[in-house]
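Because the structure is predicted, anything quoted here is derived from the model rather than measured.
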Amino acid sequence: MKYKLLVLDVDGTLLDSEKKISKRTLAALLKVQQMGVRIVLASGRPTYGLMPIAKTLELGNYGGFILSYNGGQIINAQNGELLFERRINPEMLPYLEKKSRKNGFAIFTYHEDTLITDTPENEHIRREAELNGLKIVTETEFSIAVDFAPCKCMLVSDDEEALVGLENHWRRRLNGALDVFRSEPYFLEVVPCSIDKSNTLGALLEKLGVSSEEVIAIGDGVCDVSMIQSAGLGIAMGNAQDSVKVCADRITASNDEDGVAEAVEKAILAEIRPADVPLEQLNQRARHALMGNLGIQYTYASEDRVEATMPVDERTRQPFGILHGGASLALAETVAGLGSMILCKPDEIVVGMQVSGNHISSAHEGDTVRAVATIVHKGRSSHVWNVDVFTSTAKLVSSVRVVNSILKKG
């Protein structure tokens with residue numbers, strides 16, 4: 001595969017205006033992961049607020065990562081391991097709070113599943129807590145209550161001119177100690193020095209041994225520009241500001257028009273050839289799914305033929321030691337499903353519709369059977385596969401017909 005990592009901004013990019021992942025986008029992202037491309041969620045959200053999205057995308061099953069706090073942390077979604085972290089020195093908090101109060105701003109930070117603030121009634125703060133599933137903790141003496149090193153602090157005001165003034169002042173005053181930027185007209189973010197999505201992504205690439213040319217980055221905001229520019233393929237959303245679009249290699253549709261799905265379908269899925277299908281990775285990542293539970297392993301894949309093996313053991317045998325017919329059908333559906341997935345166009349998904357089998361002879365415990373799937377009919381709305389299951393001595397055990405429905409994503 002030309003690309004190994006797909007980096008996605010979340011709000012305004014992955015999520016539509018209703019803060020949801022569309023069916024088409026979800027199907028496309030699951031498919032690119034099945035093809036061996038790992039996903040990184042790169043967001044200003046706290047880690048806790050990204051966990052549900054990572055779960056929906058099944059990042060834990062496919063070796064993905066969470067890059068949170070605009071680069072403050074990297075989490076391995078597979079095991080929760082903290083791979084990278086930078087925090088604000090707590091000694092800076094009294095100064096930040098003093099400036100916040102002097103200007104009449106609200107201030108808050110994050111801690112695990114809570115949002116700590118001196119102004120819990122602020123509508124922007126309440127919306128931020130709701131968006132990330134956080135409990136609001138009120139602390140009037142903010143800098144005293146925050147007895148830990150936060151990943152970032154946020155100042156809040158509807159007076160955009162005043163926020164810009166403090167931003168400009170702090171860029172001079174805090175240069176080399178902290179970085180500041182406005183992520184929204186009403187948010188002024190304070191983060192550790194040199195922390196942004198691009199720099200932190202660079203640390204992850206070094207750890208993974210992946211080059212920037214093997215990365216696709218998609219975003220819509222000013223915070224995404226450096227990430228888009230440093231990637232091998234930088235893509236701006238259709239809803240992005242013009243200043244973001246001019247920095248990108250490509251522009252896709254908006255977040256309400258499945259822009260992420262359109263981008264990965266063109267850049268990744270349309271380029272997939274059967275020889276690119278990473279069978280070892282598919283086998284490894286399916287170890288906790290039905291395939292793994294039955295011991296099924298893909299061994300060969302082409303446009304019109306897919307093969308896999310399955311042991312006859314305590315997982316797949318009947319009580320009397322012979323292969324269970326249901327296990328044979330599961331094996332047949334597994335190989336036919338991969339075959340249809342390879343044949344599908346980027347904007348299509350595969351849904352199993354019918355399976356029927358004739359069991360001809362038996363396979364005994366201790367043997368390993370082999371399934372060979374060949375395409376019988378390749379239509380626009382359906383694929384028909386014939387799957388023969390053989391013993392290790394080439395004796396035919398079952399002959400199965402599998403029908404898959406081919407649907408347009410939407």
Atom pairs and distances, donor-acceptor, side-chain atoms in residues 32-40, under 3.5 Å, two or more places apart:
{"residue": "Q33", "atom": "NE2", "partner": "L29", "partner atom": "O", "Å": "3.2"}
{"residue": "Q33", "atom": "NE2", "partner": "L57", "partner atom": "O", "Å": "2.9"}

Separation between CD1 of I218 and CD1 of I235, rounded to the nearest 0.5 Å = 4.5 Å
Test item: I53 and L15 side chains (from C-beta on) under 4.5 Å apart, heavy atoms = yes
Would D256 and S17 count as a side-chain hydrogen bond (donor to acceptor under 3.5 Å, both in side chains) if you check the C-alpha gap in whole Å, the side-chain angles of each, and the deciding distance to 0.1 Å?
-> CA-CA 6 Å; D256 284 326; S17 56; 3.0 Å; yes
Less than 4.0 Å between a side-chain N and a carboxylate O, is that true for E262 and R24?
-> no
What residue pairs, at least two apart or across chains, pass ring-ring contact (aromatic ring centres under 6.0 Å, His included) with a residue in residues 32-59?
-> none
Exercise: identify the closest heavy-atom pair between V372 and R370 | CG2-NH1, 3.2 Å
Go through the steps to decide whether L155 and F187 satisfy the test side-chain contact (heavy atoms from CB on, under 4.5 Å), and finish with yes or no.
-> CA-CA 6 Å; L155 276 67; F187 279 163; over 6 Å; no
Should F148 and I116 count as side-chain neighbours, where that means a heavy-atom distance under 4.5 Å?
-> yes
For E167 against V180, the heavy-atom pair lying closest together = O-CG2, 3.7 Å
Verify the neighbour count for atom NZ of K207: are there more than 12 heavy atoms of other residues, nucleotides or ligands below 6.0 Å?
-> no
Are more than 12 heavy atoms from other residues, nucleotides or ligands located less than 6.0 Å from atom NZ of K245?
-> yes
Decide whether T374 and W385 meet the rule of one side-chain donor and one side-chain acceptor closer than 3.5 Å.
-> no
Is there side-chain contact between T138 and P120, with heavy atoms separated by less than 4.5 Å?
-> yes
ring-ring contact (aromatic ring centres under 6.0 Å, His included) partners of residues 54-86, not counting sequence neighbours, each pair once | Y69-Y110
Could you grab the distance from atom CD of E365 to atom CD of Q318, nearest 0.5 Å is fine?
-> 11.5 Å
Should L294 and L331 be marked as a side-chain contact (heavy atoms from CB on, under 4.5 Å) after you check the CA-CA gap, both sets of side-chain angles, and the distance that decides it?
-> CA-CA 9 Å; L294 296 181; L331 173 61; over 6 Å; no
Test item: T200 side-chain N/O and K197 main-chain N/O as donor-acceptor pair under 3.5 Å = no
Does G44 offer a backbone N or O that forms a donor-acceptor pair with the side chain of K152 under 3.5 Å?
-> yes
Can you tell me if CZ on R182 sees more than 12 non-hydrogen neighbours from other groups inside 6.0 Å?
-> yes
Should the pair E214-K2 be classified as a salt bridge under the 4.0 Å nitrogen-to-oxygen rule?
-> no
With a cut-off of 6.0 Å (strictly less than), are more than 12 heavy atoms of other residues, nucleotides or ligands near CZ of R315?
-> yes
Ignoring hydrogens and geometry, is there a side-chain-to-backbone donor-acceptor pair from T252 to G259 under 3.5 Å?
-> yes
Quick check: does any side chain N or O of E97 sit under 3.5 Å from a backbone N or O of S143, one acting as donor and the other as acceptor?
-> yes
Any donor-acceptor N or O pair under 3.5 Å, side chains D220, T13 | yes
Decide yes or no on salt bridge (charged side-chain N to carboxylate O under 4.0 Å, His left out) for E85 and R87, but give the supporting numbers first.
-> CA-CA 7 Å; E85 183 178 61; R87 290 180 175 268; 2.9 Å; yes
Of all pairs that satisfy ring-ring contact (aromatic ring centres under 6.0 Å, His included), the ones with a partner from residues 294-343, not counting sequence neighbours = none
Separation between CG of N122 and CZ of F105, rounded to the nearest 0.5 Å | 12.0 Å
Please lay out, stage by stage, how L282 and L338 fare under the test side-chain contact (heavy atoms from CB on, under 4.5 Å).
-> CA-CA 10 Å; L282 287 178; L338 177 59; 4.0 Å; yes
Where A330 and L290 come nearest, the two heavy atoms and their spacing | CB-CD2, 4.3 Å
Does S157 reach the main-chain N or O of D159 with its side chain, forming a donor-acceptor pair under 3.5 Å?
-> yes
Could I get the full list of side chain to side chain contact (heavy atoms under 4.5 Å, CB included) partners for C344, not counting sequence neighbours?
-> K31, E348, V350, I406
If you measure only the distance, is there a donor-acceptor pair under 3.5 Å linking the side chains of T309 and Q297?
-> no
Any sub-3.5 Å donor-acceptor pair from S230's side-chain atoms to S226's backbone N or O?
-> yes
Give the minimum heavy-atom separation between G238 and I251, together with the two atoms involved.
-> CA-CG2, 4.2 Å
Distance (rounded to the nearest 0.5 Å) between L323 CG and D367 CG | 9.0 Å
Interatomic spacing from CD in E139 to OG1 in T119 - rounded to 0.5 Å | 12.5 Å
Student check: side-chain heavy atoms of V7 and I216 closer than 4.5 Å = no
Is any side-chain heavy atom of S405 less than 4.5 Å from a side-chain heavy atom of H383?
-> no
Using a strict cut-off of less than 4.0 Å between a Lys/Arg side-chain nitrogen and an Asp/Glu carboxylate oxygen, indicate whether D304 and K378 qualify as a salt bridge.
-> no
Quick one: does R317's side chain get under 4.5 Å of I322's, heavy atoms only?
-> no
So Y186 and H124, would you call those rings parallel, tilted or perpendicular, with 30° and 60° as cut-offs?
-> parallel
With sequence neighbours excluded, tell me which residues meet side chain to side chain contact (heavy atoms under 4.5 Å, CB included) with N293.
-> none
Decide whether N239 and S254 meet the rule of one side-chain donor and one side-chain acceptor closer than 3.5 Å.
-> no
Is the shortest side-chain N to carboxylate O distance from R127 to E123 below 4.0 Å?
-> yes
Take atom CD in E121; do more than 12 heavy atoms of anything else shown fall under 6.0 Å from it?
-> yes
Could you tell me which non-hydrogen atom of V264 sits nearest to which non-hydrogen atom of A28, and how far apart they are?
-> CG2-CB, 3.8 Å
Could R126 and E128 be called an ion pair, given the rule that one side-chain N must be under 4.0 Å from one carboxylate O?
-> no
Just wondering, do L131 and R45 contact through their side chains at under 4.5 Å, heavy atoms?
-> yes
Please tell me if the side chains of T334 and V306 come closer than 4.5 Å, counting only heavy atoms from C-beta onward.
-> no
Would you say the side chains of S22 and D258 form a donor-acceptor pair under 3.5 Å?
-> yes
Polar side-chain atom of D196 near backbone of N199 as donor-acceptor pair, under 3.5 Å | yes
What's the spacing between K98 NZ and L93 CG if we round to 0.5 Å?
-> 14.5 Å
Above 12 or not: heavy atoms from other molecules or residues under 6.0 Å from CD of Q229?
-> yes
Please assess I66 against I74 for the test side-chain contact (heavy atoms from CB on, under 4.5 Å), listing each intermediate value before the final yes or no.
-> CA-CA 6 Å; I66 295 170; I74 301 175; over 6 Å; no
For T140 and D118, test the side chains for any donor-to-acceptor distance below 3.5 angstrom and give the result as yes or no.
-> no
